[in-house]
Amino acid sequence: MRINFIDALGKARQVDRVTYGSDEAKILELKLMQEIRHEAPAKRITLRELFDEYCEVRKNEIRESTLDKFKRIMEYHIMPELENIKLEKLDTRLLAQWKLSMENKDISLHTKQAAFSVFRALLNYAVKMEHILKNPLVRIGNFKSPGEMKKEMDFYTADEFKKFISVARQNAQEAEKRGFLSEWDYYVFFAIAFYTGLRKGEIHGLQWKDISKGYLSVKRSVTQKLKGEDRETPPKNTASVRTLQIPIPLKMILDEHKKHWKQYEGFNSTFKVCGGTKCLRDTSIENHNKRFAQLAGVKKIRIHDFRHSHVSLLANNGINIQEIARRLGHSKIEMTWNTYSHLYPKEEEKAVEILNKIV
């Protein structure tokens, strides 16, 4: 048996013992743990110090946008109350108080659960680095609310999208009459999102050289920073680097849009399809999304829900889930199935449908 721990001076140590039989091993483990608790209290660093260490270690291991999201959640929901607490003092009682304060905040269940997940990941890191022996947050449990239903994905039907995109096109045409071509970018952005299912960052990163002979290649993604320049990276994973055949309606839209862009002096193949030298701003896209939905008389959906709309259209027309996973750039088909399985009839139901036809 081997137990790793941090001694009172902050040094990593090991205790090795030989035992026989599971019962004897459990007794010896309890005895050793009691001895270690007296000899080796948790390393005396604060939660803020742990947070800074984690960010420094992980900055080259995970996507910059993922780390930024982690930082924002920690700074908004965890650090204000707990940043100066020593890890050795971070017990279940204190964490229960933090959870109660989160329960009383006027924020969504999704936000609360995201905060819990981020906090748990940080303390799991503390365990891995042997700052603490175990994660005290595990005993607290994540946020649950029987009376509050988690927001489900939403989507446009083909008819709803036609109404939406018709308004977007009319808006671009009216702007062009006044001498402005930039509104076409928003029309094209939403068309690409619906017809291809690309992620927002992938549309931001799309350049004219990525479109050729009726195919569209996803090679990069752009994340917009709250402060500083946009960050261009490879797509989310290797499966996200993909080439898709362009549907005819979208091909016509892109051909028309390229003619608009060719009117600009200095236009070249590295221009972004939506935005030119700089991609459209997320806030502006969201504002157009709200306005177009209102004018079209359809419900307003999130930008990411255009991706769901793409999947819904394909699934409801019998497209195989493997092809949907490929088009979405999912690294594992399980990801697609776990997200969109509700769009497919259960195998049992399909079997009964077939048997019902035999009279």
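We number each residue from 1, following the sequence as shown.
- Side-chain contact of Ser217 with Thr243: a donor-acceptor pair under 3.5 Å is present, judged by distance alone.
- With sequence neighbours left out, Thr336 forms a side-chain hydrogen bond (donor to acceptor under 3.5 Å, both in side chains) with His330.
- At a threshold of 4.0 Å, the pair Lys299-Glu160 counts as salt-bridged, since one of the basic side-chain nitrogens sits closer than that to a carboxylate oxygen.
- Taking CG of Leu82 as the start and NZ of Lys89 as the end, the distance is 14.5 Å to the nearest 0.5 Å.
- A distance of 5.5 Å separates CD in Glu232 from CZ in Arg220, rounded to the nearest 0.5 Å.
- At least one side-chain heavy atom of Arg281 sits less than 4.5 Å from a side-chain heavy atom of Asp230.
- Taking both residues in full, the closest heavy atoms of Leu133 and Val127 are given as O-CG1, 3.8 Å, listed atom of the first, atom of the second, then distance.
- For the pairing with Leu95, the side chain to side chain contact (heavy atoms under 4.5 Å, CB included) check across Val138, Leu137, Leu100 returns one residue only, Leu137.
- Every residue two or more places apart in sequence or in another chain that forms a ring-ring contact (aromatic ring centres under 6.0 Å, His included) with Phe189 is listed here: His204.
- For the pair Asn237 (side chain) and Ser240 (backbone), a donor-acceptor distance under 3.5 Å is present.
- Looking at Ser309 and Asp305, their side chains never bring a donor and an acceptor atom within 3.5 Å of each other.
- The residues Arg326 and Glu323 are annotated as salt-bridged, a charged nitrogen and a carboxylate oxygen being separated by less than 4.0 angstrom.
- Remark: Lys71 does not engage Glu64 in a salt bridge, criterion side-chain N to carboxylate O under 4.0 Å.
- The only member of Glu83, Glu53, Glu81 that meets salt bridge (Lys or Arg N to Asp or Glu O under 4.0 Å) when paired with Arg48 is Glu83.
- By the ring-ring contact (aromatic ring centres under 6.0 Å, His included) test, Tyr156 is found to be paired with Phe164, Phe306, residues two or more places apart in sequence or in another chain being considered.
- The hydrophobic cluster containing Phe155, built from Ile/Leu/Val/Met/Phe/Trp/Tyr side-chain heavy atoms closer than 4.5 Å, comprises no other residue.
- Using a 30° and 60° split on the angle between ring planes, Phe70 and Phe51 fall in the parallel class, below 30°.
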Distance-only donor-acceptor hits, side chain of residues 172-179, under 3.5 Å, sequence neighbours excluded:
from, atom 1, to, atom 2, distance (Å)
Glu174, OE2, Gln170, NE2, 3.3
Glu176, OE1, Trp184, NE1, 3.0
Arg178, NH1, Glu174, O, 3.4

Verdict with reasoning, Arg242 to Glu202, per salt bridge (charged side-chain N to carboxylate O under 4.0 Å, His left out): CA-CA 11 Å; Arg242 59 202 188 277; Glu202 293 171 343; 2.9 Å; yes
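- With sequence neighbours excluded, no residue forms a side-chain hydrogen bond (donor to acceptor under 3.5 Å, both in side chains) with Asn287.
- In this structure a side-chain-to-backbone donor-acceptor pair under 3.5 Å is present from His257 to Val273.
- Asp159 and Thr157 are not linked by any side-chain donor-acceptor pair at a separation below 3.5 angstrom, with hydrogens and angles left out of the test.
- In this structure, Arg72 does not pair ionically with Glu75, as no charged nitrogen and carboxylate oxygen lie closer than 4.0 Å.
- Taking a cutoff of 4.0 Å between a charged side-chain nitrogen and a carboxylate oxygen, Lys200 and Asp282 qualify as a salt bridge.
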